[in-house]
2 protein chains.
Amino acid sequence: MNLKQLSEILGLSQTTVSRALNGFPEVSEGTRVRVQAAAQKYGYRPNSRAKGLATGRSMVIGHVIPSSSQHEMVNPIFGDFVAGAAKKYAEYGYDMMFTNADDTSIEDAYRSLFQRGAVDGVVLQGPKVNEARIAVLKRMSVPFIVHGRSTGTDTPYDWIDVNNKSSFLRATRFLIDLGHRRIALINGLEEMDFAQRRRAGYLEALEQAGIAADPDLMRSAEMTEVFGHRETHGMLQLDDPPTAILASSMISAIGVRRALDEAGLKMGQDVSVIAHDDDLSYLKNGQDVPIFTATRSSVRQAGEMAAEMLIERIKSPSAPTNTRLLEAELVVGRSTGPVPNRTSK
Amino acid sequence: MNLKQLSEILGLSQTTVSRALNGFPEVSEGTRVRVQAAAQKYGYRPNSRAKGLATGRSMVIGHVIPSSSQHEMVNPIFGDFVAGAAKKYAEYGYDMMFTNADDTSIEDAYRSLFQRGAVDGVVLQGPKVNEARIAVLKRMSVPFIVHGRSTGTDTPYDWIDVNNKSSFLRATRFLIDLGHRRIALINGLEEMDFAQRRRAGYLEALEQAGIAADPDLMRSAEMTEVFGHRETHGMLQLDDPPTAILASSMISAIGVRRALDEAGLKMGQDVSVIAHDDDLSYLKNGQDVPIFTATRSSVRQAGEMAAEMLIERIKSPSAPTNTRLLEAELVVGRSTGPVPNRTSK
DNA sequence: CATCATATCCAAAGCGCTTTGAAACTGAGT
DNA sequence: ACTCAGTTTCAAAGCGCTTTGGATATGATG
């Protein structure tokens with residue numbers, strides 16, 4: 001069923017039917033009702049491609065999944081972020097398109113998505129330091145929003161981010177206040193912007209407390225459970241092992257916990273742990289009492305906000321850039337405690 | 001840059017340029033090279049909407065995210081499945097579209113996606129028992145594939161699924177062989193088809209061994225970490241607690257593990273645990289030695305296969321239905337062991 | 001040199017919608 | 001009865017592509 005057929009059934013022109021359906025004022029209320037009823041009855045839905053061709057807008061927003069060729073990883077926060085964004089897209093009548101691209105062709109994927117007219121705007125996830133894609137998108141003048149930021153990019157752009165630095169500064173300071181001196185950081189991949197910022201916060205807190213940073217206590221890689229386990233296991237073998245560990249994600253924190261268990265250490269007693277908690281729906285940090293002391297910020301909510309900001313940008317492409325910095329909350333759980341008495345060891 | 005402009009630059013007709021770019025034989029090799037070079041140079045990419053309008057195909061495949069209104073959950077296996085599918089879509093030149101829909105409007109979402117001509121086919125994830133959506137899609141004659149199956153649906157349809165029943169039967173039998181009699185099942189939501197099949201396998205193994213099923217040992221809900229913890233914690237309070245636990249996902253198994261730790265029980269020694277492992281990239285079951293004894297089946301690979309089957313279906317809509325049953329492998333890790341000596345307790 | 005097959009290219013129609021510019025119809029005002 | 005403003009409807013153009021049915025050029029053939 002298409003517009004032509006529907007209009008013939010109704011004995012009206014395509015113009016009138018189209019206008020009636022799209023809420024234009026120059027069609028009488030009577031015919032509007034009649035048209036809507038018929039559309040309902042015959043299950044008419046305007047073809048989105050034709051509509052897009054005619055209007056020049058696709059009402060689709062694009063995401064690129066960087067299905068990295070080296071480490072075949074899908075960030076688990078991806079799901080929650082996307083779910084949040086999708087919800088808002090739906091509210092505003094947008095669909096959501098994904099394209100897969102390996103590391104080498106990721107720029108091309110964005111370019112293709114937009115130049116083919118497949119999308120009206122794109123979301124850039126997981127920005128690295130000196131993220132090249134930002135310049136690319138800027139040059140193409142695609143409406144876009146970055147989830148995160150990119151140190152080293154000086155042109156302005158829309159972004160939404162958690163204040164990674166301040167939250168890790170605060171978490172580190174919290175541990176220092178509990179008497180810890182040997183504090184480890186199990187971070188994400190160093191080239192990721194968020195990882196840099198978290199480390200900066202961590203280092204600043206150490207410095208303020210006059211504690212020298214120990215490279216042995218700073219590890220970084222893709223934030224998997226196995227990685228958290230391996231690094232913790234390794235650090236426990238050190239002559240002067242950490243008494244506290246900061247983990248950049250709940251997933252790696254679970255690995256940390258496993259390593260501690262295996263070593264017969266009690267989390268929160270022998271070793272304190274603070275995790276960054278993205279508040280994933282399937283991996284809540286406990287029920288009433290949080291399992292981990294954590295810096296918490298809902299990535300799902302970030303997805304919702306990102307979607308709204310992007311839609312706003314699409315609406316007014318030349319408005320001044322918009323940014324949003326979210327503060328993570330520090331929730332105190334049972335994974336932290338005062339530094340154990342050294343002599344008792 | 002569009003076809004018209006490009007063809008004017010080249011001094012050729014749109015027809016010829018289009019044909020040259022799409023590999024038709026009736027254009028000389030010389031002009032083909034010339035056209036391709038120009039397209040490259042000016043960064044010409046055919047507008048996908050226009051192309052879709054003209055060809056009648058959108059080269060897009062649709063997924064619906066059931067952003068359930070009650071429990072705001074995003075299944076973590078979602079990410080890996082989608083990544084697998086996306087990879088194949090990309091290979092075949094398809095894009096991937098997502099729509100968000102709450103529980104009530106999910107049928108409508110599928111219908112809309114297809115009837116608007118936005119997609120050429122759809123993927124149905126997480127089928128329930130007596131899944132209504134299958135009939136809907138069938139009736140609309142949309143090409144589709146189901147990830148999983150739906151008991152109670154008798155019309156044939158394409159699906160790809162793990163043999164949930166046999167893998168849980170095997171896992172249960174494995175525990176029975178180790179001497180366990182009190183075996184608990186921490187399952188997914190009962191209305192989900194996979195959960196039913198897993199329970200059926202579990203029950204069959206018990207029956208074959210002459211062990212009466214105990215309703216107290218069978219729990220089911222959304223497979224979160226918190227849920228695994230809560231139910232395990234609860235069952236440990238029973239007069240006759242389980243000596244072994246089957247968990248329907250790695251995530252809930254992590255909760256199981258936490259509950260055991262808290263109770264001072266050693267996994268694999270005091271209590272055996274077997275988990276179903278979807279082989280998620282961020283949540284590998286250990287490195288060399290698996291942490292959990294598990295029934296393993298890569299959901300990412302399932303995504304790839306599903307994509308290929310769907311594309312095949314789109315190509316030949318009236319071919320006989322295609323199905324694929326994957327066998328999970330039983331990997332033995334350190335979470336299982338012989339039943340502890342009762343008297344020693 | 002006329003004829004025909006083949007290779008190469010093209011003009012124009014059509015995909016299903018929106019939107020412009022105009023027409024037809026109303027009722028009020030003079 | 002005639003004009004005018006406002007309301008309601010419409011025909012046709014255009015969005016950027018593919019594809020049909022020719023047209024033209026080329027070269028081989030008799």
Side-chain angles (χ1 to χ4, degrees), chain A residues 1-36 38-39 42-60 93-95 111-120, chain B residues 1-39 42-60 93-95 112-120:
Chain A
M1 170 66 60
N2 59 23
L3 223 209
K4 193 176 173 193
Q5 292 167 19
L6 185 64
S7 61
E8 277 167 4
I9 290 177
L10 283 162
L12 288 170
S13 75
Q14 298 189 35
T15 311
T16 308
V17 175
S18 170
R19 295 208 148 136
L21 257 21
N22 290 320
F24 279 68
E26 56 270 76
V27 42
S28 72
E29 212 42 41
T31 55
R32 161 156 302 143
V33 170
R34 201 160 64 90
V35 168
Q36 279 168 344
Y42 296 101
Y44 168 73
R45 319 226 184 193
N47 181 297
S48 13
R49 279 172 279 137
K51 191 165 187 161
L53 233 206
T55 57
R57 287 171 312 130
S58 60
M59 296 306 284
V60 176
Y94 279 88
D95 284 324
R111 186 175 284 128
S112 153
L113 220 39
F114 187 70
Q115 289 182 346
R116 290 178 314 160
V119 303
D120 293 338
Chain B
M1 171 67 59
N2 59 22
L3 224 209
K4 195 175 171 194
Q5 292 167 20
L6 184 64
S7 61
E8 277 166 4
I9 289 178
L10 283 161
L12 289 169
S13 74
Q14 297 190 35
T15 310
T16 307
V17 176
S18 170
R19 295 210 148 135
L21 257 21
N22 290 321
F24 279 67
E26 55 271 77
V27 41
S28 72
E29 212 42 41
T31 55
R32 162 156 302 144
V33 170
R34 202 160 63 89
V35 169
Q36 278 169 343
Y42 296 101
Y44 167 73
R45 320 227 183 193
N47 181 296
S48 14
R49 278 171 281 136
K51 189 165 189 162
L53 232 206
T55 57
R57 288 171 311 131
S58 60
M59 297 305 284
V60 177
Y94 279 87
D95 284 324
S112 153
L113 220 40
F114 187 70
Q115 289 182 345
R116 289 179 313 159
V119 303
D120 293 338

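Note that the structure is predicted; figures quoted are calculated from it, not measured. Throughout, a chain's letter reflects where its sequence line sits, starting with A, and its residues are numbered from 1.
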Grab the CD-P distance between B:Gln14 and D:dT18 for me, whole Å please.
-> 10 Å
Could you identify which residues of residues 17-27 of chain B place a heavy atom less than 4.0 Å from some atom of DNA chain D, listed by residue number, or say none?
-> B:Ser18, B:Arg19, B:Asn22, B:Phe24
Does any N or O in the side chain of B:Arg116 come within less than 3.5 Å of the main-chain N or O of B:Ser112, such that one atom is a donor and the other an acceptor?
-> yes
Mind listing the closest non-hydrogen atom pair of A:Ala20 and A:Gln36 along with its distance?
-> O-NE2, 4.1 Å
Look only at the side chain of A:Arg49 and the backbone of B:Gly52, and say whether a donor-acceptor pair between them is shorter than 3.5 Å.
-> yes
Looking across every strand, which nucleic acid part, if any, lies under 4.0 Å from B:Thr31 by heavy atom: base, sugar-phosphate, or nothing?
-> sugar-phosphate
Rounded to whole angstrom units, what separation is found between the CZ atom of B:Arg49 and the C1' atom of D:dT18?
-> 17 Å
How close or far is atom P of D:dT7 from atom CD of A:Glu29, stated in whole angstroms?
-> 14 Å
To the nearest Å, how far apart are A:Leu12 CG and D:dT7 P?
-> 19 Å
Please state whether the phosphate of C:dT18, meaning OP1 or OP2, lies under 4.0 angstrom from any side-chain nitrogen or oxygen of A:Lys51.
-> yes
Atom-to-atom span, CZ of A:Arg34 to P of D:dT8 - whole angstrom = 14 Å
Check: C:dT8 base within 3.5 Å donor-acceptor of B:Thr16 side chain | no
Can any side-chain N or O of B:Asp120 pair as donor or acceptor with the backbone N or O of B:Ser58 at less than 3.5 Å?
-> yes
Evaluate the criterion side chain to side chain contact (heavy atoms under 4.5 Å, CB included) for residue pair B:Arg45 and A:Arg111; output intermediate values, then yes/no.
-> CA-CA 10 Å; B:Arg45 320 227 183 193; A:Arg111 186 175 284 128; 3.4 Å; yes
Separation of D:dC17 P from B:Met1 CE (nearest whole Å) | 10 Å
How long is the line joining CG of A:Leu6 and P of C:dG16, in whole Å?
-> 14 Å
Rounded distance in Å - CD (A:Gln115) to C1' (D:dC17) | 17 Å
Output yes when a side-chain donor or acceptor of B:Arg32 lies under 3.5 Å from a complementary backbone atom of B:Phe24, and no otherwise.
-> yes
Check whether any side-chain N or O of A:Thr15 sits under 4.0 Å from OP1 or OP2 of D:dA11, and answer yes or no.
-> no
Identify the pairs formed between an N or O of the protein and an N or O of nucleotides 13-15 of chain D at a distance under 3.5 Å, and give each distance.
residue, atom, partner, partner atom, Å
D:dC15, O2, A:Ala54, N, 3.4

B:Ser18 side-chain N/O to B:Gln14 backbone N/O, donor-acceptor pair under 3.5 Å = no
Sugar-phosphate, base or nothing in reach of A:Gly30, heavy atoms under 4.0 Å | nothing
Answer yes or no: is there a side-chain heavy-atom contact under 4.5 Å between A:Asn47 and A:Asn2?
-> no
Does the side chain of B:Val17 come within less than 4.5 Å of B:Tyr44's, by heavy atoms?
-> no
